[in-house]
Amino acid sequence: RSFADAIPKPRNRQWATAAVVPMLLLLIAVVVVPDAAWNAVGRWLTPWREIDRYTFAQIESLPADIIVPHGEEFQVVAKLRENTAWVPNSGEIRLDGQPSVTATQLDQRFEFSLPPQTSVSALNVRIGDVRESVAVRPVTRPELTAITASVTLPSYLEYTKRLTQDVRGGAISVVKGASVAFDAEVSRNLSEATVSAGNADIAGCTIRTPGLDVVDSSVFQFEWIDTLGLSSRKPFPLNIRAVDDTAPQVSCIQDEPLPVILSTDVITFSVSAGDDYGLRSMGLEWSGVEHPLYNPDPETAEKVVQAGGPEERFLSTQATFCAESDRVRPQFLRMRAWTEDYLPERGRVYSPAVMLHVLTPEDHAVWMSHQLRRWASRADDVYEQEMRLHDANCKMRRMDADRLLTHDNQRRLQQQVSSERTNAQRLSAVTGQGDKLIRQAMRNPEMLVGHLETFAQALKQLRGIAENKMPSVADLLAEATQAKRSKPLPVNTSSSNEAKSSSMAGNDRSTAGAASK
C-alpha cells in the first residue's frame, strides 16, 4: 500500500499564488498610480484615520455648507486642481428632490446655475469619479437699516455743533463749503465695505466714512459684504446736492393799515424773518420820500427790533413806530423791515415797503374833516337811493293783488328785492367806513368833540337802518313775489312797516344832512 494517500496534500503553491498575485497587483498600482495606491494602503492599514478617498479627477475643496441668497438663483463653481489626473468634459450636480443640473468644463471650471432655494437642502456633486455632498443654506442678504449724515457747516456760520440728518431716502442737500460724514448700519456684521468717494471703516455692522468736503453735487455708491460672504443686492446710491447759502426772507405787515397817521400814534408791525441756517439781527428802516416842494430833505433812520444768533433760523416780533418818540418829523415815509444772515458778502435783505403819511395834529384834523364830509356825502347818496326805492314800494303797495301777480309787476318786485338788498350792503359798507373814521378822529385832540358827536349819532342811526329795517323790507318784498292769488299778499300787510321805515329814514336824512353841514 502506498502511504502517500494517508498524509495531507500540501497547498503551499495555492497559498503562494494567493499572496503573490495581490502583491503583484499592488506593485503594479504603486508603479502606475502611486498616489492612488498609497491612499488605498493608508486607508486599509489605518481605518481609524480620516483619509479622503483618492480620485483621478481632483477638484478644489468645497465648503461644508454653501450660503446662498434666499429666494434667488445662485451659482456653484467647482474648479479642477492643477495636478488632476483626469479632466472630465462635464459634471453633474443635484439638489434633494430636484432635477439634476449639468455643466460643461471650461478652463478647468464647472459653473452650475441653480434655481432659487428657500430651505436648507443637500447638494450632491458628481464630476468624473468625484462624489461629494454639501449643505445649501439660504440666507437673506444684508440690508441697509439706517444711514445718518453728520454735517459740519462752514466756519462763517459760527455753528458750535454738527447737524445730523437721516438720509435713508438717498439724497441730502449740503451747503457748499461744508464737510459731511456718513454712518451706515447694516442688518448683519460686515467683513468688507467700500464707498466710491474713498475709504470706509467697519465697526461690526456699521460703515463709517471720513469727512468729505462738499464743493459740487455728486453721487456716492455704498457696497458691503457680510461675514457670511453675502453682498448687498445692489449698491446704495447717495445723492449729495451742493447748494448755495440762500438769502433770508423778511416780511413787514402793518397791524392796522391807515393811510394817514398822527405823529403821536404808535403804529405796530408784525415783523418776521427766516433763513436756512441763522439770522444775525432784524430791524426797521424808514426813509422820507423826496419831494422838491414838501420834502426836499428826507430823513433816513433805523432801529434793531430783535437780535438773532447763529442757530436762530426764525425771528418774529411786534415792532412799534412812533414819529414823535423816534424823533421823526411829519412827512411821507417809506417803512420796511430788514434782516441779515451770516454770509459776509450778502448784506441786508429788505421787505416790501409800507407807506406811511405822518401828519401833525393840526394837519390831521383838516384831513379828517375832509374825509368825514366825503363820508357824509356817500351816506346821503345811499339815503337818496333808499327814498327812491321807498316811493316805488308805495306805488306797488297801492296795487291790488291781481295786478301785483301779473308778470311785469312780479318782475318789478324781484328787481325791488335786489335793489333793497344791494342798497343795504352799500349802507353797511358806509357805516363800517364811518366807524373807522370816527375812531381815527378820536385819537386827535384837535378834533371838535361836538362835531364828532354829531357824526357818531348819525352813524348810530344809519347802522340801525342797515341792520334791521332795510333787510326786513327786502324780505317782505321777496315774500310778495311768492304770493298766491288765493290769499292776501304780505306786501300789503307790511305797509305800516314800510311807513315806519320811511319815517325813520327821513329822520336819518336830517341827521346825516346836519353832519355834512
Side-chain angles (χ1 to χ4, degrees), residues 35-36 39 42-43 47-145 184-195 200-207 221-236:
D35 293 338
N39 178 268
R43 291 168 59 215
W48 58 87
R49 296 172 56 192
E50 293 184 0
I51 301 176
D52 294 334
R53 183 176 64 87
Y54 177 83
T55 57
F56 292 95
Q58 297 285 325
I59 64 172
E60 299 288 348
S61 298
L62 295 175
D65 58 350
I66 300 176
I67 307 298
V68 299
H70 186 275
E72 298 181 30
E73 293 186 359
F74 64 98
Q75 286 189 338
V76 174
V77 178
K79 184 178 180 181
L80 293 172
R81 293 179 180 177
E82 294 181 357
N83 60 348
T84 182
W86 182 17
V87 180
N89 292 327
S90 64
E92 180 181 327
I93 200 168
R94 181 192 297 270
L95 285 165
D96 289 343
Q98 300 182 26
S100 61
V101 177
T102 59
T104 303
Q105 181 267 136
L106 180 64
D107 294 335
Q108 293 192 334
R109 290 168 57 90
F110 299 88
E111 296 184 1
F112 301 93
S113 296
L114 299 172
Q117 302 296 309
T118 58
S119 60
V120 178
S121 59
L123 182 68
N124 300 308
V125 180
R126 181 175 181 178
I127 300 174
D129 58 344
V130 175
R131 305 289 185 271
E132 290 196 19
S133 179
V134 297
V136 173
R137 185 157 59 95
V139 179
T140 56
R141 288 184 180 274
E143 300 292 340
L144 185 71
T145 58
E185 294 185 5
V186 184
S187 58
R188 197 174 295 124
N189 287 341
L190 302 175
S191 62
E192 182 181 346
T194 59
V195 181
D201 297 329
I202 300 173
C205 61
T206 304
I207 305 172
Q221 300 281 349
F222 285 75
E223 297 182 83
W224 55 86
I225 299 175
D226 64 8
T227 53
L228 299 178
L230 293 179
S231 63
S232 54
R233 187 184 302 272
K234 58 182 179 180
F236 177 77

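Atom CD in E223 sits 9.5 Å away from atom CD in E192 (nearest 0.5 Å). With values rounded to the nearest 0.5 angstrom, T194 atom OG1 is found 8.0 Å from I207 atom CD1. For the atom pair E132 CD and S61 OG, the distance stands at 7.0 Å (nearest 0.5 Å). Expressed to the nearest 0.5 Å, how far CD1 of I127 lies from CD1 of I93 amounts to 7.5 Å. With values rounded to the nearest 0.5 angstrom, F110 atom CZ is found 8.0 Å from N89 atom CG. The NZ atom of K79 lies 13.0 Å from the OG1 atom of T84; values are rounded to the nearest 0.5 Å.
Within the 3.5 Å criterion, the main-chain N or O of L228 finds a donor-acceptor partner in the side chain of D226. A donor-acceptor contact shorter than 3.5 Å is absent between the side chain of D129 and the backbone of T55. Side-chain atoms of Q58 never come within 3.5 Å of backbone atoms of F56 as a donor-acceptor pair (strictly under, hydrogens ignored). Checked by atom type and distance alone, the side chain of R141 pairs as donor or acceptor with a backbone atom of S231 at under 3.5 Å. The backbone N or O of R126 lies less than 3.5 Å from no partner atom in the side chain of R131, so there is not a single donor-acceptor pair. Under the 3.5 Å distance criterion, the side-chain polar atoms of S187 are left unmatched by any main-chain donor or acceptor of L144. Judged by distance alone, the side chain of S191 and the main-chain N or O of I225 form a donor-acceptor pair under 3.5 Å. Panel note: side chain T145, backbone E185; a donor-acceptor pair is recorded below 3.5 Å.
The two residues N124 and S133 make their nearest non-hydrogen contact at OD1-OG, 3.2 Å. The heavy-atom pair separating S121 from L95 by the smallest distance is OG-CD2, 3.5 Å. Across G128 and A57, no two heavy atoms sit closer than the pair CA-CB, 4.4 Å. When every heavy atom of V195 is checked against every heavy atom of A200, the shortest pair comes out as CG2-CB, 3.7 Å. Across all their heavy atoms, F74 and P115 have their closest contact at CE2-O, 3.3 Å. When all heavy atoms are compared, the tightest approach of G91 to F112 is O-CE2, 3.5 Å.
Inter-residue side-chain proximity for L106 and E111 is flagged as unmet; no heavy-atom pair is nearer than 4.5 Å. Between H70 and T118 the shortest side-chain heavy-atom distance falls below 4.5 Å. L114 places none of its side-chain heavy atoms less than 4.5 Å from the side chain of Q98. Side-chain contact between P116 and E73: present, with at least one pair of heavy atoms (C-beta onward) separated by less than 4.5 Å. R188 has its side chain within reach of T140: a pair of non-hydrogen atoms, C-beta onward, lies under 4.5 Å apart. L230 is listed as a side-chain neighbour of P142, based on a closest heavy-atom distance under 4.5 Å.
Within a 6.0 Å radius of CD in Q75, more than 12 heavy atoms belonging to other residues, nucleotides or ligands are found.
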